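Note sheet for the following structure.
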Amino acid sequence: MTPIGIHDLELATTHHVLSLTTLAEANGTDPDKYRLGIGQDEMSMPAPDEDIVTMGAAAALPLLERNGIEGIRTLLVATESGLDQSKAAGVWIHQLLGLPAGVRTVELKQACYSATAALQAAVGILSRSPQEKVLVIAADVARYELDSPGEPTQGAGAVAMLVSANPALVEIEPVSGVHTADVDDFWRPNDSSTAVVDGALSIRAYLDALTGAWDDLAAQGGPDLGSIERIVYHQPFTKMAKKAQQRLARHAGGEIAADGLETGSVYNRRLGNTYAASLYASLAALLDHEQDLAGKRVGLFSYGSGSVSEFLTGIVAPGYADSARARRVLEVLDARVPLEVAEYRELHATELPSGVDVQTPRVTKAPFRFTGIQGRARQYERTSG
Ligand code: HMG
C-alpha cells in the first residue's frame, strides 16, 4: 500500500498576543493558576483585519512556496469559526493563494475535531488518486465571554498541512478509533460570537471520548500502547493533555513516556486554544523539538466537543527533523504585539456592524488581510509578495 500522510506543515497566528500573567494581575487571579493550573502562558488575539481566512492563507503560503501547487486538486478548511452560513472559507483562501480553478474546495465543521476528518478525507482521496495532493487547513478563533472561566483558554491560530503519497513527515496508519456521543459540553449557537460551555462537564466528556476512541482503536486491531512512542492530544489548555495521558495510561494499563507532553505543548502554551488547529500545532511542536522520532509511531488524539473524537496513529518519516521549522514558528510567536488588558477588552467587545459597508483599520503585518465588507460580502487582499 502506498504510504499517505502529512508531507509538510506550517503554522500561522495573529498580530496580537495577551500575556496571561497580565490578565491574571488585572483580574486578581494568582498567575500560577494560569501558568501551572491550566498550563498556559499567552493567548493569540486577532486584529480587526485578521480572521480564519487570513491566518489560514498565511499558514498555507509557505507550503506552496516550498512544494509548488502542482497536483493540488482539493482544499479542505476545518473550522468552527465559520464566516458565512453558505460560502466555504476555503473559497476566499483559494483565491488569495492563486490556486487554479481545477480544485474542489469545502469547509468541514465539528468543533475542534474537524481537521482530523479533513485529514482522513484527504487520505481517502489520495488512496484513489496518489498522484494528487490535498491542502488541509485548520483555522480557528477561540472566544469565550469576558470574565468567564473560559476566558484564559482563548486563542487563535491556523495550521496548514500538505497531504500526499510518500509523505516527508508522518505517514497516517490505516486503522483508527472513532467515537461519537451527544453531549452539551460546549457549543456556539448561531446568535452568539462566544461559546457556551460547561467547563467541568467538558473535561469529563473529553476524557470519556478518549477512552471511547481508544477502545474502538483496540477493537479495530490497532497498535498496543507499548508500541506508541509519543502521543499528542487536542489541547484546549496544555494541562488537559496531562489529564488525558494519565487517564489513558490508567485505562489501557500501561506506561506512557511523559517527555512528549512537554515538547508537544511548546506552541500551544503560547497560542492558547486554536480549536481545530490545536492537535496539529501540538504535532508540529513535537516534530520540531524531538530529533529521534524517525521510524517511530506517534498517537494523535482529536476531540471536538458535542462530541466526536478519533485516536489515530502515524509513523514518523526518516529525515523529518528540520531546525528551520522551529525557528520560523518561534519568529511568528515572538513577532506578536502585546496588548494591555484595556486594549484586549476593547478588541474583544468590538463586533462588525450588521448590514452596512465596513472598512477595517490596517493593522496586521501578515501577507493577507480582511479589508472589510462591501454589499454584505467579505473582502480580502494580499498585502505582500
Ligand atoms: P476554572 O473553574 O477557572 O478553574 O476553569 P479550576 O478552579 O478548575 O482550576 C483549574 C486548575 O488550576 C485546577 O487544576 C486547579 O487546582 C488549578 P486541576 O484540578 O484541573 O488539575 N489551580 C491552581 N494551580 C496553581 N496555582 C494556583 C491555582 N489555582 C487553581 N493558585 C476550565 C477551568 C478549564 C474549566 C475553564 O477555563 C473552561 O471552562 N475552559 C473552556 C472549556 C475547556 O477548555 N474544556 C476542555 C475540554 S473540552 C475541549 O477540549 C473542546 C474545546 O476545545 C472546544 C471544541 O471542541 O471546539 C473546548
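The structure presented is a predicted model; accordingly, all values stated were derived computationally and were not measured. When a ligand or atom number is given, it counts from 1 through the structure's own listing order.
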Could an N or O of ligand 1 be found under 3.5 Å from any N or O of P149, whether backbone or side chain?
-> yes
Can we call the ring centroids of Y267 and H289 under 6.0 Å apart?
-> yes
Of all the atoms in ligand 1, which lie at a distance below 4.0 Å from a heavy atom belonging to G304?
-> 56 (O)
Is the F370 ring parallel, tilted or perpendicular to the Y380 ring (thresholds 30°, 60°)?
-> tilted
Check: of F237, Y144, Y206, Y303, min heavy-atom distance to atom 58 (C) of ligand 1 comes from Y144
For atom 50 (O) of ligand 1, what is the nearest protein heavy atom, given as residue, atom name and distance?
-> P236 CG, 3.1 Å
Which heavy atom of the protein is the closest neighbour of atom 31 (N) of ligand 1, given with residue, atom name and distance?
-> D30 OD2, 2.9 Å
Looking at atom 33 (C) of ligand 1, is any protein heavy atom nearer than 4.0 Å to it?
-> no
If we number the atoms of ligand 1 from 1 as shown, the ones under 4.0 Å from a heavy atom of D32 are 24 (N), 25 (C), 26 (N)
Cluster question for you: counting only ILVMFWY and a side-chain heavy-atom cut-off of under 4.5 Å, with indirect links fine, are L135 and L96 together?
-> yes
Within-cutoff protein neighbour (heavy atom, under 4.0 Å) for atom 8 (O) of ligand 1 | no
V123-Y280 co-clustered via ILVMFWY side chain contacts under 4.5 Å | yes
Among S114, A111, S202, A209, whose heavy atom sits nearest atom 48 (S) of ligand 1?
-> S202
Min N/O separation C112 to ligand 1 under 3.5 Å | yes
Within a distance of under 4.0 Å, is there any protein heavy atom near atom 42 (C) of ligand 1?
-> yes
Where ligand 1 meets E80 - atom numbers and elements under 4.0 angstrom, heavy-atom basis | 55 (C), 57 (O)
Ligand 1 atoms in contact with H234 (distance to a heavy atom under 4.0 Å) | 49 (C), 50 (O), 51 (C), 52 (C), 53 (O)
Protein residue, atom and distance nearest to atom 40 (N) of ligand 1, heavy-atom basis = T153 OG1, 3.4 Å
Would you say L339 and L23 are hydrophobically clustered, going by side-chain heavy atoms of ILVMFWY under 4.5 Å?
-> yes
When only distance counts, is K33 in polar contact with ligand 1, meaning an N/O pair under 3.5 Å?
-> yes
Closer than 4.0 Å: a protein non-hydrogen atom to atom 38 (C) of ligand 1 = yes
Selected option - heavy-atom contact closest to atom 20 (O) of ligand 1, from R35, K239, Q154, K243 = K243
Out of S305, A195, A276, G199, whose heavy atom is nearest to atom 35 (C) of ligand 1?
-> G199
Please round to the nearest 0.5 Å and tell me the distance separating atom OG of S81 and atom CD of E107.
-> 9.0 Å
Just need the protein heavy atom nearest to atom 12 (O) of ligand 1, so name the residue and atom and give the distance.
-> G37 CA, 3.1 Å
Close side-chain approach of L76 and V106, heavy atoms under 4.5 Å | yes
Using the ring of each side chain (for Trp, its six-membered ring), is W214 parallel, tilted or perpendicular to F311, with breaks at 30° and 60°?
-> perpendicular
Got a protein heavy atom sitting under 4.0 Å from atom 16 (O) of ligand 1?
-> no
Cluster link M240 to Y144, ILVMFWY, side chain under 4.5 Å | no
Identified salt bridge (charged side-chain N to carboxylate O under 4.0 Å, His left out) counterpart of R378 within the set D51, D49, D84 = D51
Evaluate the ring planes of H234 and Y303, with Trp represented by its six-membered ring, and classify them as parallel (under 30°), tilted (30 to 60°) or perpendicular (over 60°).
-> tilted
Assess the pair Y206 and F301: is the distance between their ring centroids shorter than 6.0 Å?
-> yes
Only one of R269, R35, R336 clears salt bridge (charged side-chain N to carboxylate O under 4.0 Å, His left out) with E42; which?
-> R336
With a 4.0 Å heavy-atom cut-off (strictly under), which part of V197 contacts ligand 1: side chain, backbone, both or neither?
-> side chain
